[in-house]
Amino acid sequence: MDQKSVWIGTNWKMNKGPAEAIAAARAFSNFHLPEGVRCFLTPPATSLRDVCSVLQDTPVMVGAQNMFWEDSGAWTGEISAPMVAECGASTVLLGHSERRQHFGETDWTVNRKVRAALRHGLRPLICIGDTADEFEFGVSQETLARQTKIALHGVSQEDLGRVVVIYEPVWAIGSAGRPAEAPFVSEIHTKLRGVVQGVVGRNSSVRIPLLYGGSVSQANICDYVALPDVDGVLVGRAGWDPADFIKLVSRVGELVSSKVAA
Ligand SMILES: O=C(CO)[C@H](O)COP(=O)(O)O
């Protein structure tokens with residue numbers, strides 16, 4: 001965490017139909033976002049428009065969980081960047097490991113989606129992550145560098161300033177996952193900082209926010225957010241209940257204000 005904004009988001013995954021999503025979004029509509037904290041939610045596509053309209057006058061950003069790279073056409077079952085934007089969303093999660101693992105997402109498709117999102121004014125939240133095997137064989141860094149460089153290939157300097165990268169180790173995600181140790185996340189993020197700095201250019205003033213995700217909880221959130229090269233977190237299960245998510249956001253807010261005061 002540095003003096004810039006700290007990010008916290010929750011990905012609802014395939015949870016909450018429109019009725020439940022609207023109720024959850026209403027819980028955030030009167031919530032006062034702490035100074036220095038940027039917050040986002042990614043509801044399922046069927047709830048996107050409703051959640052956007054509930055939160056339209058708030059600082060909470062709303063995003064899709066995925067999209068296709070073409071604007072329209074014969075792509076049954078897909079939604080496009082202009083459709084996401086028309087719902088009122090400002091951001092989109094791309095390359096989540098569940099999409100890579102179960103739905104054939106590749107580094108190449110992530111790159112096409114990143115560029116399409118940027119073309120339509122959406123902020124891409126790009127997920128990267130090493131598998132348990134890659135971690136065991138000690139090639140996590142190589143995987144993450146490859147995923148990052150391909151995702152950002154061909155993105156202009158100006159657009160790089162609107163991108164967020166999220167490190168989510170596949171082995172840390174979900175109820176079978178184990179949270180990554182803070183020193184390991186610190187090491188990965190420091191190296192990742194070098195990779196993104198290489199992409200944007202050593203002398204560029206663009207600083208791509210680097211978030212961590214994977215079994216983030218009330219117990220460990222501050223350990224991650226306090227790390228120097230971690231600019232925030234993406235929360236899954238621990239953020240699905242709005243009251244819990246508000247508590248997590250407040251914890252981050254307290255950490256930010258204590259840093260500012262120090
Ligand atoms: O998307 C995620 C966070 O929203 C990620 O998959 C981690 O999920 P969690 O392990 O349930 O926090």
Side-chain angles (χ1 to χ4, degrees), residues 6-16 20-21 24-25 27-28 37-45 47-48 51 60-67 84 89 91-103 105 110 113-114 117 123-132 134-135 140 143-144 147-148 151 163-182 184-185 188-189 192 209-225 227 230-249 251-252:
V6 175
W7 296 68
I8 174 165
T10 182
N11 173 18
W12 289 351
K13 306 195 179 187
M14 199 177 71
N15 295 294
K16 303 189 200 301
E20 199 185 337
F28 300 114
V37 178
R38 304 190 73 172
C39 179
F40 62 90
L41 308 172
T42 59
S47 307
L48 190 58
V51 171
V60 179
M61 292 172 268
V62 181
Q65 296 178 11
N66 178 40
M67 47 154 256
V84 170
T91 185
V92 58
L93 210 56
L94 295 173
H96 191 283
S97 68
E98 286 151 14
R99 305 261 0 137
R100 294 182 193 254
Q101 196 179 345
H102 305 297
F103 302 101
E105 192 84 272
V110 172
K113 292 179 180 190
V114 166
R123 181 191 297 281
L125 306 167
I126 305 168
C127 298
I128 56 168
D130 49 331
T131 63
E134 287 161 341
F135 175 78
S140 301
T143 298
L144 300 173
Q147 291 177 344
T148 306
V163 164
V164 172
V165 171
I166 309 171
Y167 170 50
E168 295 208 313
V170 179
W171 43 269
I173 292 175
S175 47
R178 61 179 169 85
E181 307 265 340
F184 176 77
V185 174
I188 290 280
H189 274 237
L192 210 46
L210 301 178
L211 277 50
Y212 167 78
S215 293
V216 173
S217 67
Q218 305 283 350
N220 63 23
I221 188 165
C222 292
D223 299 342
Y224 296 125
V225 173
L227 298 171
V230 172
D231 300 303
V233 284
L234 177 57
V235 187
R237 291 155 297 150
W240 291 343
D241 178 312
D244 289 342
F245 187 62
I246 287 172
K247 232 185 271 172
L248 288 165
V249 176
R251 273 181 200 272
V252 171

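Excluded from the calculations below are hydrogen atoms, water molecules and symmetry mates; all remaining heavy atoms, backbone and side chain alike, are included. As the structure lists them, so they are numbered: ligands from 1, and atoms in each ligand from 1. Numbers here are sequence positions counted from 1.
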Student: What I want to check is whether the side chains of Glu168 and His96 have a donor and an acceptor closer together than 3.5 Å.
Tutor: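 A pair is found: one side chain offers a donor N or O, the other an acceptor, under 3.5 Å apart.
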Student: Are the side chain of Arg99 and the backbone of Asn66 linked by a donor-acceptor contact shorter than 3.5 Å?
Tutor: no
Student: Near Ser215, which atoms of ligand 1 are under 4.0 Å from a heavy atom of that residue?
Tutor: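 With Ser215 as reference, the close atoms of ligand 1 come out as 9 (P), 10 (O), 12 (O).
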Student: What residue and heavy atom of the protein are closest to atom 5 (C) of ligand 1, and at what distance?
Tutor: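 The answer is Glu168 OE2, 3.2 Å.
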Student: Examine Tyr212 together with Phe184 and report whether their ring centres are nearer than 6.0 Å.
Tutor: no
Student: Checking side-chain contact (heavy atoms from CB on, under 4.5 Å) for the pair Arg100/Val110: CA distance, chi angles, key distance, verdict?
Tutor: CA-CA 9 Å; Arg100 294 182 193 254; Val110 172; 4.0 Å; yes
Student: Out of all atoms in ligand 1, which are within 4.0 Å of some heavy atom of Arg237? Include the element for each.
Tutor: 9 (P), 10 (O), 11 (O), 12 (O)
Student: State, yes or no, whether a side-chain contact exists between Thr148 and Tyr167 at a heavy-atom distance under 4.5 Å.
Tutor: no
Student: State whether the shortest distance between N or O atoms of Val235 and N or O atoms of ligand 1 falls below 3.5 angstrom.
Tutor: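 Such a contact does occur with ligand 1.
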Student: Could you list the atoms of ligand 1 found under 4.0 angstrom from a heavy atom of His96?
Tutor: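 So the atoms of ligand 1 that pass are 1 (O), 2 (C), 5 (C), 6 (O).
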Student: Quick one: which of Ser175, Gly236, Gly174, Gly213 has a heavy atom closest to atom 10 (O) of ligand 1?
Tutor: Gly174
Student: Residue-level breakdown please: for Thr10 versus ligand 1, do any non-hydrogen atoms fall below 4.0 Å on the side chain, on the backbone, on both, or on neither?
Tutor: neither
